[in-house]
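Step one of this worksheet: look at the structure below.
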Amino acid sequence: MGRIQIDIERCKGCGLCVATCQKELIHIGEKINSHGYHTAQIHNKGECVGCANCAEMCPDVAIEVWR
Amino acid sequence: MGRIQIDIERCKGCGLCVATCQKELIHIGEKINSHGYHTAQIHNKGECVGCANCAEMCPDVAIEVWR
Amino acid sequence: MNDSRKRLINGNQAIAAAAIDAGCRYYFSYPITPQSEIPEYLSLHLPEVGGTFLQAESEIASINMVLGASAAGARAMTSSSGPGISLKQEGLSYMAADELPALIVNISRTGPGLGGIAASQGDYFQATKGGGHGDYRIIVLAPSSVQEMYDLTIKGFDLADTYRTPVMILADSVLGQMKESVVMGGRKKSTPTKKDWALTGCEGRSPSIIKSLYLDGDKSSEHNRKLFEKYQRIQKNEVICELNRCKDADLILIAFGSAARIAKTSIETAREKGIKVGMLRPITLFPFPNQQVRDISTNIKDILVVEQNTGQMVEDVLISASENARVTFYGKPSGNVLEAEEILCQIERCMNKVGT
Amino acid sequence: MNDSRKRLINGNQAIAAAAIDAGCRYYFSYPITPQSEIPEYLSLHLPEVGGTFLQAESEIASINMVLGASAAGARAMTSSSGPGISLKQEGLSYMAADELPALIVNISRTGPGLGGIAASQGDYFQATKGGGHGDYRIIVLAPSSVQEMYDLTIKGFDLADTYRTPVMILADSVLGQMKESVVMGGRKKSTPTKKDWALTGCEGRSPSIIKSLYLDGDKSSEHNRKLFEKYQRIQKNEVICELNRCKDADLILIAFGSAARIAKTSIETAREKGIKVGMLRPITLFPFPNQQVRDISTNIKDILVVEQNTGQMVEDVLISASENARVTFYGKPSGNVLEAEEILCQIERCMNKVGT
Amino acid sequence: MKQVFKRPESLRDVSFHFCPGCHHGIIHRLVAEAIDRLRIRTKTIGIASVGCSVFLYDYFDTDVCEAPHGRAPAVATGVKRVHKDRIVFAFQGDGDLAAIGTSEIIHAANRGENITVIFVNNTVYGMTGGQMAPTTMLGQHTTTTPRGRSFLGDGYPLKVSELLATLEGCSFVARVAVNNPANVRRARKMILKAFEMQVNNMGFSFVEVLSACPTNWKMTPLDALKRVDNELIPYFPLKVFREKTIPDKL
Amino acid sequence: MKQVFKRPESLRDVSFHFCPGCHHGIIHRLVAEAIDRLRIRTKTIGIASVGCSVFLYDYFDTDVCEAPHGRAPAVATGVKRVHKDRIVFAFQGDGDLAAIGTSEIIHAANRGENITVIFVNNTVYGMTGGQMAPTTMLGQHTTTTPRGRSFLGDGYPLKVSELLATLEGCSFVARVAVNNPANVRRARKMILKAFEMQVNNMGFSFVEVLSACPTNWKMTPLDALKRVDNELIPYFPLKVFREKTIPDKL
Amino acid sequence: MYYDVTIAGFGGQGIMAIGNILAEAAMREGKNVTYWPSYSAEMRGGTANCTVVISTNEIGSPVVAFPISAIIMNLPSLKKYQSRIRKDGLLIVNTSLIDQGEIQRDDVDIVKAPLISLAREAGNDRLSNMVALGIFLAKTQVVRLDSLFETFRIVLDERYHHLIPSNKKAIQRGIDFVTKLT
Amino acid sequence: MYYDVTIAGFGGQGIMAIGNILAEAAMREGKNVTYWPSYSAEMRGGTANCTVVISTNEIGSPVVAFPISAIIMNLPSLKKYQSRIRKDGLLIVNTSLIDQGEIQRDDVDIVKAPLISLAREAGNDRLSNMVALGIFLAKTQVVRLDSLFETFRIVLDERYHHLIPSNKKAIQRGIDFVTKLT
């Protein structure tokens, strides 16, 4: 059981978290932040185990993790 | 059988040739050249074998050798 | 590529293209903004004409590679900006002393220090007074349009060979980054002069030496005197400056490079308002147009010097100008680019059209 | 060692001893002639007072170590000559931009290039006009005796701290190598000012930053304007110059450093011959004594500028001098040291005592 | 649930200027974590270099001094010689450290200066627009090697860690990557180790971090991750090249 | 009897300015002999560096260009890139090459510049008056290490050949000495080999020559010879560190 | 004639590309032209702007402090430039990223255009720059559409040539948007 | 009073040492003094010279183009300096290394001294510099002998202190040489 929180304004939509999530819970959404980036979003939140791999890989330190 | 010739004006009296001659035929003499150096001189010329060790070691290329 | 057609390119590209047209085949440099289009262009196009592009490990290595290539008799060039040009000062001083021709391009940055990449004329002193050690000068050319970036690069190589001296193109990011149409290759191509002093191996002649060490006082003196006489010859023969709308002018604006370019708009507007302003634009910064400034200042009462710095060329104007003329200086510290409107405002102040 | 007694030492040693007396505990340099006695002295004596002597791998590394030590709040120093000073120009420009105090000593060589080790004043422009890139100045002090080598070194550290700026001692091998008696430690010792801007780790305060990159145009402009205002303040407050026998003089000789020292003999001889010569000797080269030159040139018709180069300080004299005064320049290219007799000859020419 | 991952305290609460997918941010975070872990934030002085990492002072909540291009090890030396009890680290890219700064890094290492250097190797000059760096791979296209880097003329990709590891003054030399979570976790350990070396006065410590530059590689961030594995690591092996232990020091 | 030893033709018929017992003269002679042997005098361009060997042009009967302190490999690069068919050699001391010229020598070697560098290592700055060089031995007294070089603060004697030998661009790297006739004869071979590498376009070749400086070592010339054997060679082993063969080149 | 425009937004929005296209087209029509870019040191994500001056006379300053027109692609640029546009000038605002409430001028011709949505409608939401160019062209007619289209193969990097048709579509979408407005 | 002397010879002849001793002695006697060395870049074997000025007034130039006196230790120095010595000045020539025929002045006081032989007589043929200093002192009396002797421990490097007695002997040999001349 885990939970992540993505700081949307800090996300640049690079997708490293998407590629890293072994449970494939993250995708780059349609939403555009004020900098013009399509940002990462989590779906099927319940399946998150809080492994923190996404956070380890986020170059913008935009993800926090609870477990 | 060999022969060496020392260019006295070029000799700085460092003595490397003296130390190198295995037959101990060279010494630094009393003679002073125009630069103020006591210079190398050969004695017992007849014993020189022309091994050229003295010339190899002369930093001032002041020695020529015949054999 | 039709060489003689107009093309829209930026100033950096114009310099690079001109170098190839001038017969320069050896370029050595180190990455720095805002001159990147020069190495970018030359890394692509120099090999096409059998030339050598070498990205050196440092600014210092690059100027010394230029020194070597020039000593070998080739037309050689390097380009950089602010901090990089500072690092090249030792090499430049050596090349001046060795009497080696080469072209050095400074697309200057805001300084001092790391500064920024905005337009700046803060390197005027460094370029014209000899930023390196010792008593020497280099020829400094200050283009004011992309076409001049092209033309003066070619002229620079010719002057370098003629006088056996490093020549610098001093510009900034306004001129390096702006695009304008340029006519290339339309004029007679530059041809390198024969260099019998160059190092080529001493086949059929006695060995040549290129050096700047003179421990003997007389030889050292003589060498320095020879350099000095060369600089006097350059001062006498090679001054270039543009006089624009000076005939009927009540005020002469003196500016070079990007500041002069921007000031042209101000003068246009001033003329529209009925203010008679003309411009004296030094194109050679060394040799500085001392005589031209002197001449104009004996006839005209007001001179306005405008620079994108806090006061450098103005010293050369003060040395040259007659005491009869009133010299006003307007300097804008680099960081924000000069605006035509603020120069206009200074023109109006000088003419007492607005109170001071 | 009895500090307050007269000792016969050379100028380089006087600088080194003064640095220690000024509280300088960090010295970084690279070997070059003719300033070797400075590192030699300090490598021996700095460790005795708990200081650090570090021979850097290069001129560039040494100026950047000085930058680091100064940023850390210490009094720091480097010394070099001609080519080495050229290599330090990038670092000097950074330190000026960073507003970091330090003392830089240039015991200059004959230049340009490798040149020679004879006396030269060919680095005047580099020192005073900013040899590095960008719009900045450093304070330049020009001693003329071994005692002044000592005194101005101490003053240099104080000025550096007061204005947060690099300060340069500009001398040459005449002053560096000559021995004279010096009184050391007799005066109040210099005390470093408190440096609340220094990097010490941010315990109990918010982090401090020392930098020179300002990409934002407004901040960049503001920073450059701040520097400019500092230089104006220095110009206003810190000019030092010696006026000697000027009151009744018909001719004022202007010279600095070794040239001034040698010219003193010429003036002595001229006075013996009944020629009324005085001397204005700039001790601060930046700030240059503009006003003093202006003042004296309004009263006296003839000015003779003497330099061991082909004409550098004379430009500052020309900017300052009234047009009423006739400025004659006598420059001797470096290589052979100026002789009192030739200066005397120039004095006589100026006074029309011998034909021209 | 308790929070298991959060922004380190030594990192200011601001956004990075780095391009999307650039690894600089990860490396900054790992350095900040090491500083947090050792509780040395208020005694740390960072040295920023020139290039993409120049804005160190905007991100680290420590004292920072900016160094001229390539000179960070010399500036760090000056700072550290004055404050022997402070922790001084330099953060340099490959353009900065492996080209114009070659001399400074070698001699700081050789002197055994008690500083820590984090070296970001992304095989290209970033901020100036993607020029060839000394570490650029053979065949790699950059804005100054439009036909790909050739060993004839351009030379070979420089292995900085291997070079420095030959020097006695180094207490710790390692190369890491941050292109997957396992590598990131290993990188965290190595960076921490490097700082510990300094804390224990062991002399010069150095970590080279292989890093992706999607913008100048003209790749997507994901392809850039893969390039680190497929091209960089085979040539630049991940390894501890030198590690002194306390007895070595004595 | 026939003459078995005479002044090489590539050496001008003038006296050296070197101090009595200085090995520079021997090394000059060996280089001139290599040039004679390969019959390349009229196609050779020498690069003089700063220090005791600056007067190269007074002694070699070839074209010579003087380089700023430490920059001989960069100047040589410029010359060689223009004249690919000429033989370009640089002659540098340890102050010049191993300190201020660190970056230039490493990158010229790494690029595999087809030049030859003769490196005179006498563990001290000669001409400027005997300061510590990067190659100064631990404990050695110099005018800037009056208490002897200490690894704390001054760092370790730099092994330049070992450092360069790690670089792919080097065709030949060897260390020799000239402190006895056998070593001189071996040095002659190695210097010849280095020039042959260049003639065969094999890339960067390098010979480090351990050399005595009686004046700055404050020793008699004979004691200086012994010091080379007793102190220098044990730390700086005489060895061929790298040697490419023609197949390597292909 | 004399006309100038400042185009401003984030790096990556294609600011420089449309400035270049406009300048190149004007040159092809025989006019004098200057194009002056200004960008921050960051490769991506920083601010980017450029100024194009088009004139039948010699051009003095390529730098324009008070432009006649501006294409504003993000909020920081609006804040920086809106006060500088000359009275009765033209201001094109990208309302996909800028709240309309931020627009304070009422003495210039303002086109509020949701550029990203319009680009998406034209088939590719990354081409909002081309939509803006279309709008600018429709409003000013400073160059002809065919001159503009001719420049694509010169100005755009070869690897983007396959996108030329969609670029044209996006420009057309901008023109249509203006047509509908009037 | 004012007096100056130029001392010139090879590097290694101890030129600088006697210049220093003289200057130090003069300072100890309360006079103003400057000592200015000049040497070539070579460590050994190059030319070396120095100039000492001693005065009861402030000293201007430490560099003297036309000295009152000169101690000349080798032929190149004679060629360089003999024409520069002031009329009625003093010229001390080392005839151990210089052929007397090279001396061309007849308007100065000339001391021809075989310095090496004299030094050898005093016990160490490397101390010809000290013999020259003795001669200079005997001729000029510009400082006192005891002042001179006092300086040895300051001026000479510690490793040469064991040579102080032989130095003194050599100076005395110079003084005696002059005494015999007159």
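These numbers were taken from a predicted model, which means no experiment stands behind them. A note on names: the letters A, B, ... follow the listed sequences, proteins ahead of strands, and every chain is numbered from 1.
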When Leu92(D), Leu227(D), Leu114(D) are compared by non-hydrogen pairs under 4.5 Å with chain C, the top option: Leu114(D)
Close side-chain approach of Leu318(D) and Leu318(C), heavy atoms under 4.5 Å: no
Shorter than 4.5 Å, heavy atoms on both sides: which option in Pro112(D), Gly134(D), Ala321(D), Gly111(D) has the most such pairs with chain C? Pro112(D)
Residues in side-chain contact (heavy atoms from CB on, under 4.5 Å) with Ala255(D), at least two apart? Leu253(D), Ala259(D), Ala260(D), Val306(D)
Between Gly116(D), Gly115(D), Ala97(D), Gly82(D), which residue shows the highest count of heavy-atom pairs closer than 4.5 Å to chain C? Gly115(D)
Partners meeting side-chain contact (heavy atoms from CB on, under 4.5 Å) with Ala71(C) (sequence neighbours left out): Leu100(C), Leu199(C), Ile210(C), Cys65(F)
Given the options Gly331(D), Pro83(D), Gly84(D), which has more heavy-atom pairs under 4.5 Å with chain C than any of the others? Pro83(D)
Name the option with the most non-hydrogen atom pairs under 4.5 Å to chain D; the candidates are Gly91(C), Gly122(C), Gly113(C). Gly113(C)
Quick one: what part of Leu213(C) sits under 4.5 Å from any heavy atom of chain D, side chain, backbone, both or neither? both
Return one line per donor-acceptor pair between chain C and chain D under 3.5 Å, naming both atoms and the distance rounded to 0.1 Å.
residue: Ser86(C); atom: OG; partner: His133(D); partner atom: N; Å: 2.8
residue: Ser86(C); atom: OG; partner: His133(D); partner atom: ND1; Å: 2.7
residue: Ser93(C); atom: O; partner: Gly113(D); partner atom: N; Å: 3.4
residue: Ser93(C); atom: OG; partner: Gly113(D); partner atom: N; Å: 2.9
residue: Gly111(C); atom: O; partner: Asn224(D); partner atom: ND2; Å: 3.4
residue: Gly113(C); atom: N; partner: Ser93(D); partner atom: O; Å: 3.4
residue: Gly113(C); atom: N; partner: Ser93(D); partner atom: OG; Å: 2.9
residue: Gly113(C); atom: N; partner: His133(D); partner atom: NE2; Å: 3.4
residue: Gly113(C); atom: O; partner: His133(D); partner atom: NE2; Å: 2.7
residue: Leu114(C); atom: N; partner: Ser212(D); partner atom: OG; Å: 2.8
residue: Gly115(C); atom: N; partner: Ser212(D); partner atom: O; Å: 3.0
residue: Gly115(C); atom: O; partner: Tyr214(D); partner atom: N; Å: 2.8
residue: Asp123(C); atom: OD1; partner: Gly134(D); partner atom: N; Å: 2.7
residue: Gln126(C); atom: NE2; partner: Gly131(D); partner atom: O; Å: 2.9
residue: Lys129(C); atom: NZ; partner: Glu315(D); partner atom: OE1; Å: 2.8
residue: Gly131(C); atom: O; partner: Gln126(D); partner atom: NE2; Å: 2.9
residue: His133(C); atom: N; partner: Ser86(D); partner atom: OG; Å: 2.8
residue: His133(C); atom: ND1; partner: Ser86(D); partner atom: OG; Å: 2.7
residue: His133(C); atom: NE2; partner: Gly113(D); partner atom: N; Å: 3.4
residue: His133(C); atom: NE2; partner: Gly113(D); partner atom: O; Å: 2.7
residue: Gly134(C); atom: N; partner: Asp123(D); partner atom: OD1; Å: 2.7
residue: Asp135(C); atom: OD1; partner: Gln312(D); partner atom: NE2; Å: 2.6
residue: Asp135(C); atom: OD2; partner: Thr310(D); partner atom: N; Å: 2.5
residue: Asp135(C); atom: OD2; partner: Thr310(D); partner atom: OG1; Å: 2.9
residue: Ser212(C); atom: O; partner: Gly115(D); partner atom: N; Å: 3.0
residue: Ser212(C); atom: OG; partner: Leu114(D); partner atom: N; Å: 2.7
residue: Tyr214(C); atom: N; partner: Gly115(D); partner atom: O; Å: 2.9
residue: Asp218(C); atom: OD1; partner: Asn336(D); partner atom: ND2; Å: 2.8
residue: Asn224(C); atom: ND2; partner: Gly111(D); partner atom: O; Å: 3.4
residue: Asn224(C); atom: ND2; partner: Ser334(D); partner atom: O; Å: 3.1
residue: Thr310(C); atom: N; partner: Asp135(D); partner atom: OD2; Å: 2.5
residue: Thr310(C); atom: OG1; partner: Asp135(D); partner atom: OD2; Å: 2.9
residue: Gln312(C); atom: NE2; partner: Asp135(D); partner atom: OD1; Å: 2.5
residue: Glu315(C); atom: OE1; partner: Lys129(D); partner atom: NZ; Å: 2.8
residue: Glu323(C); atom: N; partner: Glu323(D); partner atom: OE2; Å: 2.8
residue: Glu323(C); atom: OE2; partner: Glu323(D); partner atom: N; Å: 2.7
residue: Ser334(C); atom: O; partner: Asn224(D); partner atom: ND2; Å: 3.1
residue: Asn336(C); atom: ND2; partner: Asp218(D); partner atom: OD1; Å: 2.8

